[in-house]
Amino acid sequence: MMSEALLIPNWKTRDWYSAQNNSLSKPVAEWLLEENSMTSRCERFCRNVTVKPLFEGYVSASSLGKEQQELPIDTRYWVREVFLFGDTIPWIWARTVIPEMTLSGPEQRLIGLGDTPLGHYLFSQTALERDYIQVSLHDSLWGRRSRLRLSGKPLLLTEIFLPSSPLY
Ligand code: VNL
């Protein structure tokens with residue numbers, strides 16, 4: 001059987017818009033404005049959600065995209081990029097950027113996730129707050145970007161919905 005090529009969508013040059021000012025269709029809005037874990041939402045549409053990390057490691061501020069503007073200046077940022085699969089199909093490409101200063105106390109656990117979906121960690125935390133969600137449409141692919149805080153400390157999540165995801 002042929003397996004689908006895993007294409008990394010363009011994330012660097014996207015423009016982002018406040019979700020409020022954007023007239024989204026109902027099904028698209030339901031996906032993009034999901035308040036809880038995207039992993040949990042995906043679990044309603046397949047048997048088994050898995051994540052495959054593509055990259056986990058520290059990067060310098062200069063290698064971040066426009067996301068730098070959404071986060072405090074720090075020496076290093078922890079970056080995690082994954083493909084999320086609904087059963088065997090790649091549904092979402094996701095990138096998390098965490099300033100090193102956020103990784104204090106219990107948040108140190110964010111660097112040891114491996115195959116564990118980030119959402120299972122994040123959305124079990126009582127100290128989780130959301131500053132905003134922004135949306136983006138580029139190359140016909142929808143994306144969303146959320147700035148969250150754990151105990152007041154920021155991180156930025158970007159999720160781009162691949163052509164085979166149930167959003168479309
Ligand atoms: C992960 C999984 C991240 C699902 C996500 O968004 C997501 C992860 C940033 O495990 O890193 O929707």
Side-chain angles (χ1 to χ4, degrees), residues 4 6-12 14 16-17 19 24 27-59 63-71 76-100 102-103 106-125 127-138 141-150 153-168:
E4 204 170 332
L6 289 176
L7 292 180
I8 297 180
N10 181 321
W11 57 273
K12 260 199 166 167
R14 285 178 163 252
W16 295 93
Y17 302 93
L24 304 169
V28 170
E30 274 175 8
W31 278 94
L32 297 185
L33 306 183
E34 169 67 51
E35 298 267 336
N36 294 305
S37 161
M38 191 55 73
T39 305
S40 302
R41 166 167 272 273
C42 288
E43 280 166 349
R44 310 211 298 259
F45 294 82
C46 64
R47 292 197 189 175
N48 201 16
V49 169
T50 50
V51 296
K52 278 208 172 56
L54 308 170
F55 178 82
E56 284 184 294
Y58 284 108
V59 305
S63 72
L64 298 179
K66 296 175 191 166
E67 49 203 3
Q68 159 78 82
Q69 297 159 28
E70 312 298 319
L71 292 168
R76 298 193 295 176
Y77 298 79
W78 182 261
V79 169
R80 170 176 163 91
E81 290 178 359
V82 304
F83 277 114
L84 180 150
F85 289 79
D87 297 326
T88 58
I89 314 292
W91 281 0
I92 295 174
W93 176 87
R95 170 174 162 100
T96 306
V97 181
I98 311 176
E100 191 169 21
T102 291
L103 298 167
E107 280 65 64
Q108 285 168 49
R109 263 177 276 164
L110 288 167
I111 68 174
L113 290 174
D115 293 345
T116 305
L118 172 72
H120 287 171
Y121 172 85
L122 279 185
F123 293 91
S124 66
Q125 302 300 304
L128 182 71
E129 299 163 289
R130 190 189 301 274
D131 290 332
Y132 53 77
I133 301 184
Q134 296 171 330
V135 301
S136 153
L137 181 62
H138 188 89
L141 298 183
W142 283 104
R144 70 174 200 163
R145 179 166 94 163
S146 319
R147 193 171 70 199
L148 304 178
R149 289 180 187 272
L150 284 164
K153 300 175 293 183
L155 63 158
L156 193 72
L157 270 55
T158 302
E159 290 151 317
I160 297 176
F161 295 81
L162 303 173
S164 313
S165 87
L167 174 147
Y168 300 101

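Because the structure is a prediction, the values reported are computed rather than measured. Counting starts at 1 for both ligands and their atoms, following the listed order.
- The aromatic rings of W93 and W11 lie parallel to each other, their planes meeting at an angle below 30°, with 60° marking the opposite boundary.
- Every atom of ligand 1 is numbered from 1 in the order shown, and the set under 4.0 Å from a heavy atom of L157 is 9 (C).
- Side chains of Y77 and E67: a donor-acceptor N/O pair is absent below 3.5 angstrom, by distance only.
- Applying the 4.0 Å criterion to heavy atoms of A94 picks out, from ligand 1, the atoms 3 (C), 5 (C), 6 (O), 7 (C), 9 (C).
- From the protein, the heavy atom lying nearest to atom 12 (O) of ligand 1 is E159 OE2, 2.4 Å.
- Using a 4.0 Å heavy-atom cutoff, I92 is absent from the residues neighbouring ligand 1.
- For the pair R147 and Y132, the cation-pi criterion (under 6.0 Å, within 45° of the ring axis) is not fulfilled.
- Heavy atoms of L118 found under 4.0 angstrom from ligand 1 belong to the backbone as well as the side chain.
- Near T96, the atoms of ligand 1 lying under 4.0 angstrom from a non-hydrogen atom of the residue are 9 (C).
- In this structure, a donor-acceptor pair under 3.5 Å is absent between the side chains of S136 and R145.
- Ligand-side atoms of ligand 1 in range of P117: 10 (O), range being under 4.0 angstrom from any heavy atom.
- The pair D115-K52 does not count as a salt bridge, with every side-chain nitrogen at least 4.0 angstrom from each carboxylate oxygen.
- Here R80 pairs with E56 in a salt bridge; the nearest charged N to carboxylate O distance falls below 4.0 Å.
- By the 3.5 Å distance cut-off applied to N or O atoms, R80 is counted among the residues near ligand 1.
- The atoms of ligand 1 that sit less than 4.0 Å from any heavy atom of L84 are 4 (C).
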